[in-house]
Enquirer: 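One structure coming up, written as structure tokens, with questions to follow.
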Amino acid sequence: MSVPLLKIGVVLSTMAMITNWMSQTLPSLVGLNTTRLTAAQGGYPDRSTGVLPANPEESWQVYSSAQDSEGRCVCTVVAPQQSMCSRDARTKQLRQLLEKVQNMTQSIQVLDQRTQRDLQYVEKMEVQLRGLETKFRQVEENHKQNIAKQYKAIKAKMEELRPLIPVLEEYKADAKLVLQFKEEVQNLTSVLSELQEEMGAYDYEELHNRVSNLEERLRACMQKLACGKLTGISDPITIKTSGSRFGSWMTDPLAPEGDTRVWYMDGYHNNRFVREYKSMHDFMTSDNFTSHRLPHPWSGTGQVVYNGSIYFNKFQSHVIIKFDFRTSSISKSRQLDYAGFNNAYHYAWGGHSDIDLMVDEGGLWAVYATNQNAGNIVISKLNPNTLQIIKSWTTNHPKRSAGESFMICGTLYVTNGYSGGTKVYYAYSTNSSTYEYIDIAFQNKYSHISMLDYNPRDRALYAWNNGHQVLYNVTLFHVIRSEEL
């Protein structure tokens with residue numbers, strides 16, 4: 001940047017020197033330095049003042065005549081004789097000097113062009129430097145902001161991990177408890193072996209009580225191991241592409257071992273036919289199914305198959321029906337008091353999804369909304385045989401704002417939408433009657449979820465996503481409290 005500025009300084013200095021020289025030299029060369037002005041009284045030039053050369057015949061004659069009406073000076077100039085000018089040495093010198101001046105003028109023009117070019121270059125460089133300076137400042141500010149954000153993120157992660165310390169301590173205690181179970185089982189096994197050899201060595205009733213007590217404790221431990229807090233949802237696994245945009249599909253979480261039948265219901269109203277596929281393999285690879293006709297059309301996509309029966313909401317009503325597939329008949333029906341229906345309090349996607357039935361490790365649930373709870377979600381635990389409400393919990397989450405919901409281990413998890421970017425962001429625990437806002441990523445692969453239910457046997461989420469039947473595996477964080485065993 002300093003070199004172009006130096007060039008500009010040199011050029012301007014040279015132009016000033018040439019101008020000064022020309023102003024001092026040219027008058028003497030043309031014979032004007034020998035002229036004199038006669039001033040009138042008062043210091044003003046007289047209107048008839050003349051500028052006369054020393055030899056009128058050999059040089060130019062300049063006369064000042066008068067001023068015009070606008071105050072401009074009108075002069076008369078008489079050129080020397082042609083023969084005299086052609087022989088005049090000073091005229092020759094003047095021509096040479098004029099040629100030099102013309103050459104210098106051309107040089108000055110070239111220098112001026114170069115100077116203008118350099119000036120433009122300097123201005124461009126100045127703009128670029130200012131831009132770089134601004135970018136450096138932005139980079140510096142962004143760097144500071146990124147460091148602050150990273151610090152906050154690390155601090156937040158540390159706050160999340162801090163509660164895990166006592167949990168890890170509990171795991172140590174739980175590991176000891178499992179070892180105790182193992183030792184007791186080994187002791188009982190050895191006692192039973194000895195008892196087979198020596199009948200009557202131990203009191204049978206006492207031994208039976210010990211076995212029953214241990215069995216109950218193991219069952220309680222296994223039930224607690226099966227439950228946990230949702231911490232992650234896998235990427236979707238597309239099982240099949242079939243049906244309309246809305247529907248539901250499921251398996252029975254209480255089906256006997258080896259029973260892998262799949263139940264399929266297309267649409268959310270004005271349909272009574274349920275498809276039964278013999279296995280997941282048949283569902284994926286063929287269209288071989290058995291059709292069951294329900295006595296009433298269903299409403300929404302909140303149906304669930306549980307212990308050989310299907311539970312569904314009767315269309316345009318708040319009636320829940322239990323239909324037994326073994327007898328092909330209704331075994332129980334009951335009104336869900338105060339529950340909204342017929343698109344009064346549906347999920348965000350609509351579809352008469354007012355009443356959503358679901359199951360988890362604890363049994364059968366109904367999720368709906370009431371006028372009494374201002375349209376917010378109500379969770380009710382149902383008796384699967386009588387359909388009576390065992391207990392209800394009122395939440396502060398609007399039913400219409402929920403995309404979908406599902407139950408895991410007594411906790412209702414709610415998604416923030418049904419299309420586009422989706423996540424699980426709200427959880428209400430019926431065990432503690434408390435709620436929290438969470439952030440669990442959930443990939444909505446086909447952009448429109450109309451059914452989402454949890455199967456505790458498969459430890460998976462079943463979803464109907466825009467005509468695709470999809471599975472998601474879930475990750476649960478298990479906490480075993482030894483004092484509860």
Enquirer: With side chain to side chain contact (heavy atoms under 4.5 Å, CB included) as the test, would you mind laying out the steps for F315 and H269 before giving the verdict?
Expert: CA-CA 7 Å; F315 184 58; H269 72 300; 3.3 Å; yes
Enquirer: Can you tell me how far CG of N288 sits from CZ of F283, rounded to the nearest 0.5 angstrom?
Expert: 13.0 Å
Enquirer: Evaluate D266 against S244 for side chain to side chain donor-acceptor pair (under 3.5 Å), listing each step before the verdict.
Expert: CA-CA 7 Å; D266 191 10; S244 65; 2.7 Å; yes
Enquirer: Could you go step by step and tell me if L412 and T430 meet the side chain to side chain contact (heavy atoms under 4.5 Å, CB included) rule?
Expert: CA-CA 8 Å; L412 180 71; T430 59; over 6 Å; no
Enquirer: Run the ring pair (Phe, Tyr, Trp, His ring centres under 6.0 Å) test against H468 and tell me which residues pass, sequence neighbours left out.
Expert: Y446
Enquirer: Mind checking ring pair (Phe, Tyr, Trp, His ring centres under 6.0 Å) for W263 and listing every partner two or more places apart, or none if nothing turns up?
Expert: H292, F325
Enquirer: Side chains of P297 and N271, heavy atoms from C-beta outward: is any pair under 4.5 Å?
Expert: no
Enquirer: Is there a side chain to side chain contact (heavy atoms under 4.5 Å, CB included) between D458 and T251? Walk through the geometry before answering.
Expert: CA-CA 9 Å; D458 300 335; T251 59; 3.3 Å; yes
Enquirer: Answer with yes or no after comparing the ring centroid distance for F323 and H296 against a 6.0 Å cut-off, counting only values under it.
Expert: no
Enquirer: Less than 4.0 angstrom from a charged side-chain N to a carboxylate O is my criterion; do K240 and D287 meet it?
Expert: yes
Enquirer: Rounded to the nearest 0.5 Å, what separation is found between the CE atom of M250 and the OH atom of Y306?
Expert: 15.0 Å
Enquirer: To the nearest 0.5 Å, what is the distance between CE (M280) and CD (Q469)?
Expert: 10.5 Å
Enquirer: One thing to verify: whether R261 and D252 come together as a salt bridge, which I'm taking to mean a side-chain N less than 4.0 angstrom from a carboxylate O.
Expert: no
Enquirer: Minimum heavy-atom separation for K399 to A369, with atom names?
Expert: CB-CB, 3.7 Å
Enquirer: Which residue in the set Y428, Y426, Y435 passes ring pair (Phe, Tyr, Trp, His ring centres under 6.0 Å) when paired with H397?
Expert: Y426
Enquirer: Give me the atom names and distance for the closest heavy-atom approach of H318 to Y338.
Expert: ND1-N, 4.3 Å
Enquirer: Do the side-chain N and O atoms of N376 and T395 include a donor-acceptor pair separated by under 3.5 angstrom?
Expert: no
Enquirer: Only pairs under 3.5 Å count here: list side-chain donor-acceptor contacts from residues 343-351, not counting sequence neighbours, and write none if there are none.
Expert:
residue, atom, partner, partner atom, Å
N343, OD1, H352, N, 2.8
Y345, OH, N371, OD1, 2.3
H346, NE2, R400, NH1, 3.2
Y347, OH, D356, OD2, 2.8
Y347, OH, S405, OG, 2.6
W349, NE1, E404, OE2, 3.2

Enquirer: Donor-acceptor pair, D360 side chain versus G362 backbone, under 3.5 Å?
Expert: yes
Enquirer: Starting from the C-alpha separation in whole Å, work towards a yes-or-no answer on side chain to side chain contact (heavy atoms under 4.5 Å, CB included) for T238 and K445.
Expert: CA-CA 9 Å; T238 303; K445 187 173 182 179; 3.9 Å; yes
Enquirer: Looking only at the side chains, is there a donor atom on one of S299 and Q316 sitting less than 3.5 Å from an acceptor on the other?
Expert: no
Enquirer: C409 and G228: which non-hydrogen atoms are nearest, and at how many Å?
Expert: SG-N, 3.3 Å
Enquirer: Strictly by ring pair (Phe, Tyr, Trp, His ring centres under 6.0 Å), give each pair with a member in residues 362-391 just once, sequence neighbours left out.
Expert: W365-W393
Enquirer: What is the distance from atom CG of L336 to atom CD of Q388, rounded to the nearest 0.5 Å?
Expert: 12.5 Å
Enquirer: Search all heavy atoms of G417 against all heavy atoms of T422 and return the closest pair with its distance.
Expert: O-CG2, 3.4 Å
Enquirer: Would you compute the distance between atom CD1 of I355 and atom CG of N313 and round it to the nearest 0.5 angstrom?
Expert: 4.0 Å
Enquirer: Output yes when E141 and R137 qualify as a salt bridge under the 4.0 Å nitrogen-oxygen rule, no when they do not.
Expert: no
Enquirer: Locate the shortest heavy-atom distance separating Q303 from F312; write the atom from each residue and the value.
Expert: CG-CB, 3.6 Å
Enquirer: Report the residues that fulfil ring pair (Phe, Tyr, Trp, His ring centres under 6.0 Å) with F406, sequence neighbours left out, ordered by chain and then residue number.
Expert: Y413
Enquirer: Compare every heavy atom of A366 with every heavy atom of L382, then report the nearest pair and how far apart it is.
Expert: CD1-CB, 3.8 Å
Enquirer: One thing to verify: whether K229 and E436 come together as a salt bridge, which I'm taking to mean a side-chain N less than 4.0 angstrom from a carboxylate O.
Expert: yes
Enquirer: Pick from L461, I440, L452, N416: which one makes a side-chain contact (heavy atoms from CB on, under 4.5 Å) with V424?
Expert: I440
Enquirer: Just to verify, what does Y462 make a ring pair (Phe, Tyr, Trp, His ring centres under 6.0 Å) with, not counting sequence neighbours?
Expert: W249
Enquirer: Please report the interatomic distance OG(S248) to CE(M265), rounded to the nearest 0.5 Å.
Expert: 5.0 Å
Enquirer: Are there more than 12 heavy atoms of other residues, nucleotides or ligands under 6.0 Å from atom NZ of K278?
Expert: no
